[in-house]
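Labels below follow one simple rule: chain letters A, B, ... track the order of the sequence lines, proteins then strands, and each chain is numbered from 1. What's counted below: heavy atoms across the whole structure, side chains too, no hydrogens, waters or symmetry copies.
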There are 2 protein chains.
Amino acid sequence: MAPPTAQPEKRPQSRQAARAQTESAILTAAQTVFAEAGFGGATMQMIADLAGLPKANLHYYYATKEDLYRHVVQDIFEIWLDAAASFDHAPDPATGIGGYIDAKMEISRRHPNGSKVWASEVMHGAPVIQDYLESTLRDWTDGRIAVIQKWIDAGQMAPISPRHLLYMLWATTQHYADFGHQVQTLNGGKPLSKAEWQTAKDTVKQIILRGIRAA
Amino acid sequence: MAPPTAQPEKRPQSRQAARAQTESAILTAAQTVFAEAGFGGATMQMIADLAGLPKANLHYYYATKEDLYRHVVQDIFEIWLDAAASFDHAPDPATGIGGYIDAKMEISRRHPNGSKVWASEVMHGAPVIQDYLESTLRDWTDGRIAVIQKWIDAGQMAPISPRHLLYMLWATTQHYADFGHQVQTLNGGKPLSKAEWQTAKDTVKQIILRGIRAA
DNA sequence: AATTTTCTTGACCGATTGGTCAGCTTGTGT
DNA sequence: ACACAAGCTGACCAATCGGTCAAGAAAATT
């Protein structure tokens, strides 16, 4: 599954800092393994090896595999929600939605494994974070729909369905993480270069912003 | 995992027809279980139960779990490629791409489990169908890029990146299958009605077709 | 009717998994 | 220095998994 990545950094340090560091190493390794193998395909041994720890040690910090998985998913969810900052307080659709696309594309580029774990979780019926979908995500979505609707009512953009516009934004931006392997294969097997990422961003923004602007 | 669905239809029939029927029942059950649990989370026993057959019988038709999985993925891949029919021989972008969106949205509606299995496979690095990505899918993609480029050169649409436009089309249409659970949750827990599906289709088509039309 | 082939199945097996635990080491407070 | 708590780990276990197999049932062929 790859060589261990954890650089123990054997310095004397406070117990609290060491704990936080170990937990973080476990979460990072778990995110990678869950993304590559799925929840069912991942094993605690794989995660332990990648984190450079004995398996029994994982169970000292996280009682069960499901407990560890839940923490990974929740971490992603928070990153995911934070991307909305540029969405609010925007004077117009081009700024707000354009900024949101930039933010979400950047997350796809920097946290592809997190995005994959989230996608996997939802695809399998969200057994772990169903309550988040029904509370936090629903509220978040309703709020953004209201913002978009306000723009529409003010004549700043075309009268399309705000809800399905949001779905399009999620789908297009997360595609570059979730289907990153496919994108890379169709890119000659090489990861997207910086310029190619920029082209992706620009294309997505151009099509969507032109697609929603007032007639 | 749900009650068995296989209706044996105990009629005297040719051996060949019975075999085809059994294989189809297994594939359908497998598609559902793989979509719901992932490859690692799925068990042959789950598939057998859903198909209404003893587990040992599955191994008579499909030697291994991986063999069965491969057949499921290949079936989806073919349906997936067939959706391109309306893409070719189209006189203009609106007809060709609009028709492609319709076809792919219809697949998401009718074969959500297939789409999920495909997504899962790609997300985990395409361990089984990597060769398809590198041959069939790459050729298919290059061909469609050429068509789009031709439209651009003829001034029939805006000069955007054909490749990333394709990614957008895949992402937006497959989102309604792969993230169907999330869409349903945000729809008050109820599946999209016929009218809501139509709104989804119309919104996707409107935004993209307006987004790519010649300035 | 006899025989061969295809299909079906319960019982079984080695391997792997998530999780446990007793005992050890290391750090902390007094 | 001492005692206690926190952190760590190899060895182990019950449960489950994919897959096998021998023996029988059902159909096709002769």
Is the backbone of A/I129 close enough, under 3.5 Å, to the side chain of A/E121 for a donor and an acceptor to pair up by distance? yes
For C/dT8 and B/Y60 - does any side-chain N or O of the residue sit under 4.0 Å from the phosphate oxygens OP1/OP2? no
Would you indicate, yes or no, if D/dG7 has its OP1 or OP2 atom less than 4.0 angstrom from a side-chain nitrogen or oxygen of A/R19? yes
B/N57 CG to D/dG24 P, straight-line distance once rounded to whole Å: 18 Å
Rounded to whole Å, how long is the line connecting atom OH of B/Y62 with atom C1' of C/dT8? 16 Å
Would you mind listing every salt bridge (Lys or Arg N to Asp or Glu O under 4.0 Å) that reaches into residues 172-193 of chain A, with sequence neighbours excluded? none
Quick test of your reading: applying salt bridge (Lys or Arg N to Asp or Glu O under 4.0 Å), list the pairs with at least one residue in residues 68-81 of chain A, sequence neighbours left out, ordered by first then second residue. A/E66-A/R70
For A/Y61, which contact category applies under a 4.0 Å heavy-atom criterion: base, sugar-phosphate, or nothing? sugar-phosphate
Return the set of residues passing salt bridge (Lys or Arg N to Asp or Glu O under 4.0 Å) with B/D102 (not counting sequence neighbours), or none when no residue passes. B/K205
Test A/I145 against every option in A/T141, A/V147, A/I148 by the side chain to side chain contact (heavy atoms under 4.5 Å, CB included) rule and name the one that passes. A/T141
Let me test you: for the helix from C/dA1-D/dT30 to C/dT30-D/dA1, what is the angle between the axes at its two ends (five pairs each), rounded to 10 degrees? 10°
Can you list everything that forms a ring pair (Phe, Tyr, Trp, His ring centres under 6.0 Å) with A/Y62? Sequence neighbours excluded, please. A/H71
Less than 4.0 angstrom from a charged side-chain N to a carboxylate O is my criterion; do B/D49 and B/K55 meet it? no
Got a sec: does the CZ of A/R138 have more than 12 other heavy atoms crowding it under 6.0 Å? yes
Interface polar pairs with nucleotides 14-21 of chain D, N/O, under 3.5 angstrom:
from   : atom 1 : to    : atom 2 : distance (Å)
D/dG18 : OP1    : B/A42 : O      : 3.2
D/dG18 : OP1    : B/K65 : NZ     : 3.2
D/dG18 : OP2    : B/M44 : N      : 3.1
D/dG18 : N7     : B/K55 : NZ     : 3.2
D/dG19 : OP2    : B/K65 : N      : 2.6
D/dG19 : N7     : B/K55 : NZ     : 3.1
D/dG19 : O6     : B/K55 : NZ     : 2.6

